[in-house]
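Below: the structure, in structure tokens.
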Amino acid sequence: MSIFDGLAAVEEEILKCMKCGNCQAVCPLYQESRREPAVARGKIRLAAAVLEGRLEPTDGLAERFALCLTCLACVASCPSGVKVDRIILAARTALTQKKGLPFIKKTVFTGLSRPRLFDLGVKTAARLQGLLFKNIEPGKMQPRFPIGLELRRIVPPLAPVPFRDQVAEKHTVERPVATVAFFTGCMTNYLYPGIGQAALRVLKAHGVEVIIPRLQHCCGAPILYNGAADMALEMARSHVDLFGGIPADAIITVCGTCGEAFKHLYPELLDGVSGYGDRAREVAAKILDITQFLHRLPFNPELFRAPELAVTYHQPCHLGRGLGVVQEPLSIIRSIPGVNYLPLKEPARCCGNAGSFSLTHYDMSYQILTRKLKDIEGTGAQLVVTGCPACRMHLTDGLTQEQMPQKVVHTVELLARFLEEE
């Protein structure tokens, strides 16, 4: 039974919880709110009550389960090994099945699950964004009106031309050492095409052929994390069909959440779907974050030259705790000549973005972010590096609002900036 079938699938996980409260020490939400329903232990008790029929689905209950960053900090620190994230996703799915999604989320996710419609909508929005947003400085905009975003929030502009429309589908090199398929993700495609261009340059510099399938679309993670598994089913199937048919040595991602969708969520979602369970696992086995892949090649630091530059690294939750990609980015960053790596005190602490959480709970999200900003300030670094486009957006928002001088780049953008090409 899958977590996307409801709470019965995680009954054993619920029973494993000793109610010790260790999760309180690491939960970013609990540290800000000091409320029991915010922490894993509290949510597990609520999940048990729903499973046993002692609690009926209500809007208030759905909000309790929405108050979770799915940052996996509680999972990493649980002495009983409770997979809290599975309980949260199962509970959200069960509540969504009984209550349905709120109107706005249902509308957004319906568009997201229809790739052609979503692509057209984003491209149209890119042309009209000047009507709703004002430019603060290059690469930064702010809402003109209350359109579902906080007026003080800083966001990147939509790219005039999405990344996948900027590049060819296949990129060859002489004497290739490997061939990879590149899953770009929505944020790289529509908001940060520079991340995609950087990935392409760095991979080709290492002798890697790159295939960028044009028919790829959203990984579906925002929908799955909000409990609407039925809406994401076809998205997962189409990606298994698409990437499973490409003769590649690896499937590269530049976003931990996208990587988690392919590696962990797709096999579970498609396990009972005829003809897709094994194929989903085959695709999952090929998923590698770009730093993982470069590290295994192995990475060649002699291709790079940087001026003296002090950098620090924020570890994205779904990349670090979710996919286990912790040492590879650090090893690569430290190996670049001229780069002085200054570690954060808490590099793995969530920045507070958590996808749609920062949209629906912006004040709490920003509260969590301020702790990360103080940590960044304490390093004295000039540049913040991270492996997640969403973390980059949220960190840039905070750094700009607090008038801090640091800029934020993706790990692969740092590499491309100092790449010495013939």
Side-chain angles (χ1 to χ4, degrees), residues 3 6-7 10 13-14 17 19 21-51 54-78 82-106 108-109 148-150 153 221-229 257 260 316-318 321-322 349-372 390-391 394 397-398:
I3 56 172
L7 282 165
V10 292
E13 292 298 327
I14 291 173
C17 177
K19 305 176 180 61
N22 276 17
C23 44
Q24 289 182 343
V26 296
C27 176
L29 284 172
Y30 181 78
Q31 289 170 10
E32 301 302 331
S33 69
R34 297 296 174 181
R35 295 176 62 238
E36 183 69 14
V39 80
R41 179 177 66 178
K43 289 186 177 67
I44 291 172
R45 292 184 70 180
L46 291 174
V50 173
L51 182 61
R54 293 184 285 111
L55 268 182
E56 289 297 318
T58 63
D59 291 338
L61 188 60
E63 174 60 19
R64 294 291 189 279
F65 283 104
L67 277 172
C68 176
L69 302 166
T70 61
C71 69
L72 304 171
C74 54
V75 178
S77 67
C78 180
V82 180
K83 296 182 175 65
V84 184
D85 57 317
R86 292 176 61 80
I87 297 173
I88 297 297
L89 292 187
R92 288 177 178 176
T93 301
L95 290 168
T96 298
Q97 287 171 347
K98 291 187 178 180
K99 288 188 57 59
L101 286 168
F103 175 76
I104 293 177
K105 281 189 176 181
K106 185 176 181 180
V108 171
F109 293 160
L149 291 174
E150 289 282 335
R153 185 166 191 167
I223 299 174
L224 290 169
Y225 277 109
N226 279 275
T257 305
E260 267 208 309
C317 300
H318 290 179
R321 286 185 287 269
R349 192 179 196 279
C350 183
C351 70
N353 180 65
S356 61
F357 182 87
S358 67
L359 296 175
T360 55
H361 302 84
Y362 183 74
D363 286 340
M364 178 62 76
S365 175
Y366 196 88
Q367 241 179 289
I368 295 167
L369 174 61
T370 55
R371 294 193 184 226
K372 179 66 70 172
C391 291
H394 200 49
D397 178 20

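None of these values were measured; they are calculated from a predicted model.
- Although no hydrogens or angles enter the test, the distance criterion places a donor-acceptor pair under 3.5 Å between the side chain of Thr96 and the main chain of Asn226.
- Here the closest non-hydrogen pair linking Pro57 and Lys98 is CG-CD, 3.5 Å.
- No side-chain N or O of Gln97 forms a donor-acceptor pair with one of Arg92 less than 3.5 Å apart.
- For the atom pair Asp397 CG and Asn353 CG, the distance stands at 9.5 Å (nearest 0.5 Å).
- No side-chain donor-acceptor contact under 3.5 Å links Asn22 and Ser77.
- Counting only heavy atoms from C-beta outward, the side chains of Pro316 and Cys391 approach each other to under 4.5 Å.
- Checked by atom type and distance alone, the side chain of Thr58 pairs as donor or acceptor with a backbone atom of Leu61 at under 3.5 Å.
- In this structure, the side chains of Arg86 and Val75 stay at 4.5 Å or more apart for every pair of heavy atoms.
- With contacts defined as side-chain heavy-atom distances shorter than 4.5 Å, the pair Val84/Cys74 qualifies.
- Side-chain contact of Tyr362 with Gln367: a donor-acceptor pair under 3.5 Å is absent, judged by distance alone.
- A heavy-atom distance below 4.5 Å is not found between the side chains of Arg54 and Leu46.
- One finds the OH atom of Tyr225 at 6.0 Å from the CG atom of Leu89 (value rounded to the nearest 0.5 Å).
- Within the 4.5 Å cutoff, the side chain of Cys78 has no heavy atoms near those of the Cys23 side chain.
- Note: Asp85 CG to His318 NE2 = 8.0 Å, rounded to the nearest 0.5 Å.
- Between the side chains of His394 and Ser358, no donor-acceptor pair of N or O atoms lies under 3.5 Å.
- Judged by distance alone, with hydrogens and angles left aside, the side-chain atoms of Lys43 form a donor-acceptor pair with the main-chain N or O of Pro37 at under 3.5 Å.
- Nearest heavy atoms, Ala62 versus Leu95: CA-CD1, 3.8 Å.
- Counting only heavy atoms from C-beta outward, the side chains of Glu260 and Leu72 approach each other to under 4.5 Å.
- Between the Arg349 side chain and the Lys372 main chain, no donor and acceptor come within less than 3.5 Å of each other.
- Under a cut-off of 6.0 angstrom, the local environment of CG in Leu55 is crowded, with over 12 non-hydrogen atoms contributed by other residues, nucleotides or ligands.
- Atom SG of Cys27 sits about 11.5 Å away from atom CZ of Arg35, to the nearest 0.5 Å.
- Taking both residues in full, the closest heavy atoms of Ala90 and Gly6 are given as CB-O, 3.6 Å, listed atom of the first, atom of the second, then distance.
- For the atom pair Leu29 CG and Met364 CE, the distance stands at 6.0 Å (nearest 0.5 Å).
- Remark: of the listed residues Val10, Ile87, Val39, Ile87 is the sole one forming a side chain to side chain contact (heavy atoms under 4.5 Å, CB included) with Ile44.
- Gln24 and Glu36 share a donor-acceptor pair across their side chains, judged by distance under 3.5 Å alone.
- Although no hydrogens or angles enter the test, the distance criterion places no donor-acceptor pair under 3.5 Å between the side chain of Ser365 and the main chain of His361.
- Salt-bridge annotation for Arg371 and Glu32: present, with a side-chain N of the basic residue lying under 4.0 Å from a carboxylate O of the acidic one.
- Applying the ring pair (Phe, Tyr, Trp, His ring centres under 6.0 Å) test to Tyr30 and every residue at least two apart in sequence or in another chain returns nothing.
- For the atom pair CG of Leu224 and OG1 of Thr257, the computed distance is 11.5 Å after rounding to the nearest 0.5 Å.
- Between Leu369 and Tyr366 there is a side-chain heavy-atom pair separated by less than 4.5 Å.
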